[in-house]
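First the structure, in the form of structure tokens, and then the observations on it.
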Amino acid sequence: MNCEELVTVNIPDNAKEIREHSFGFGYKDGEYKKRVGFTICGEKNSEAQKYADANGFTFKDTDSHAHTYKAIVVPNTCKTGGYTLSICKTCGETKTAAETKANGHPGGTYYRTTAFDTTAKTSTQTGVCTVCGGEVKKTTKNAITRLEGRNRSGTAAAISAAEYPSTVILANSMNYADALAGVPLSKKLNAPILLTNTDSIDQTTLDEIKRLGATKVVILGGEGAVSQNVVNTLISKGIAKENITRIAGKSRFGTAAEIAKKLGSAPTEVFFVYGLDYADALSVSTVATIKNAPIIYLTTKGDMNAETATYLKTLMGKVTTAYIIGGEGVISNDMMKKVGTHLLLGDSSVVRVAGKNRYETCTEVNSKFSSLLSSDGICVAKGLDFPDALAGGVYAAKNGLPLFLADGSALKDPQRSYLKEKNPARITVFGGQGAVSDALIGVVANASVKA
């Protein structure tokens, strides 16, 4: 009634009664007015024909004409399928064809991780579809992975197998200083850091060198760290003597300076850490690697190491920012000022990044340089030992992943706050159960979830 657009109606043959004025009439000022040119389609001798004849409307027998179809495309949506609807221009008969599936939220934006399943090793992210505005869920398989070997050398080899080609860096497995200073060099050379004893090289390391087809080996540290016996073993395994290079200073301070020289042009940023412990160097290794910036060792107070001072003289007027990693207990304010003096930097250009302990310092570093660590995952390593985190430092840097240090089965509030803010969808674990337990990974996963 009163539908100005309705010019044709197709009435099925099962219609048993069509009441007065059902179709083809308008109603205005108290009276019915018949529509001119209105057509009723249906089967011959049906109620449709009776209604048409009784009211003087044109009737078309649906079986007595050739159908001429007009195609109307009904598009699919995020949740429903689409199809092509064909309608006969004469009688209005319809048929459906060319069905398409729902497109599954092509404009889905995943903005938070809402669950981890530590048994299935999956994570669930929830977001909003930018097309339909509906809730979107995405499940990531293998969201929790563990890179481990039978010992520290084996874990280094496992991490190497996950990422690298043919040149390798070799460092002492018990001496963190040379190895950690070499993490930025590892990215520069696109080479994994593998570990060795002082006088003998582990078979796992030899197997990884063979698997990589390595033709060059860079040794970090003097013969007190990696002896000539190790070099001789490498030569016996097919590495040419001229392809074995040693980078070393008189001490860990000097070796760090020598490694820094190998990074290329003079850096604009330098990271300074305490030279007699590994924790802060671990925390900053990933960021320094991404920035291709050197890691330089300092003592807590007193005179600056001579080899360090000599190296810093070459950087005068070139460095724009020096970062001191760790609190005053490891690098005093006096030593911090000496850094600025040696580099000709004002106080505002020497920046301390520190927390109350190694774990909080790690989260402070990750937060300070969050724009560099933009991947949707994290790497978890033991905070009370260095080899696994060392080997994983460049792996983390190549993938834009922050390194998260943790031990035991609990986290401190700053660690929990960082994880909740980071809200990672993937967790990569460095080392076996003895280093980072599944129970601790469960705690990390739960702390990473946003409701």
Quick one: does any side-chain atom of [X] pair with a main-chain N or O of [Y] as donor and acceptor, under 3.5 Å?
X	Y	answer
Tyr418	Phe404	no
Asn76	Lys101	yes
Gln415	Lys412	yes

Set of residues satisfying side-chain contact (heavy atoms from CB on, under 4.5 Å) with respect to [X], sequence neighbours excluded:
X	value
Pro424	Ile378, Lys422, Ser448
Asn446	none
Pro106	Cys78, Asn103, Val131

Would you mind reporting whether [Y] and [X] have side-chain heavy atoms less than 4.5 Å apart?
X	Y	result
Ile169	Leu194	no
Val330	Asp277	no
Thr286	Leu401	no
Thr245	Ile219	no
Thr139	Ser123	no
Thr268	Val319	no
Val218	Leu170	no
Phe253	Leu298	no

Exactly one of Ile295, Ile296, Leu220 clears side chain to side chain contact (heavy atoms under 4.5 Å, CB included) with Ile259, and that residue is Leu220
Could you go step by step and tell me if Arg416 and Val443 meet the side-chain contact (heavy atoms from CB on, under 4.5 Å) rule?
-> CA-CA 9 Å; Arg416 291 181 178 278; Val443 172; 3.9 Å; yes
[X] versus [Y], closest heavy-atom pair with distance:
X	Y	result
Ile247	Thr255	O-CG2, 3.9 Å
Lys382	Val436	N-CG2, 3.8 Å
Leu405	Ser283	CD1-OG, 3.6 Å

Partner of Arg426 by side-chain hydrogen bond (donor to acceptor under 3.5 Å, both in side chains), out of Asn142, Thr113, Thr145, Asp376 = Asp376
Could you go through the side-chain contact (heavy atoms from CB on, under 4.5 Å) check for Asp117 and Thr124 one step at a time?
-> CA-CA 8 Å; Asp117 186 330; Thr124 300; over 6 Å; no
Just by distance, no angles: are the side chains of [X] and [Y] close enough, under 3.5 Å, to form a donor-acceptor pair?
X	Y	answer
Ser227	Asp199	yes
Thr114	Thr126	yes
Asp407	Tyr359	yes
Thr77	Thr80	yes

Report the residues that fulfil ring pair (Phe, Tyr, Trp, His ring centres under 6.0 Å) with Tyr83, sequence neighbours left out, ordered by chain and then residue number.
-> none
Residues two or more places apart in sequence or in another chain: which of them pass ring pair (Phe, Tyr, Trp, His ring centres under 6.0 Å) with Phe369?
-> Phe271, Tyr323
Do Tyr297 and Phe272 have ring centroids that are under 6.0 Å from one another?
-> no
Does Arg146 make a cation-pi contact with Phe430, if we ask for NZ or CZ under 6.0 Å from the ring centre and within 45° of the axis?
-> no
Determine whether more than 12 heavy atoms belonging to other residues, nucleotides or ligands lie under 6.0 Å from atom CG of Asp347.
-> no
Between Lys261 and Thr314, does a side-chain contact (heavy atoms from CB on, under 4.5 Å) hold up when you go through it step by step?
-> CA-CA 10 Å; Lys261 295 175 185 177; Thr314 67; 5.9 Å; no
Per-pair distances, 0.1 Å, donor-acceptor, side chain in residues 334-346, under 3.5 Å, sequence neighbours excluded:
from   : atom 1 : to     : atom 2 : distance (Å)
Lys338 : NZ     : Gly302 : O      : 2.5
Thr341 : OG1    : Lys337 : O      : 3.1
His342 : ND1    : Lys338 : O      : 2.9

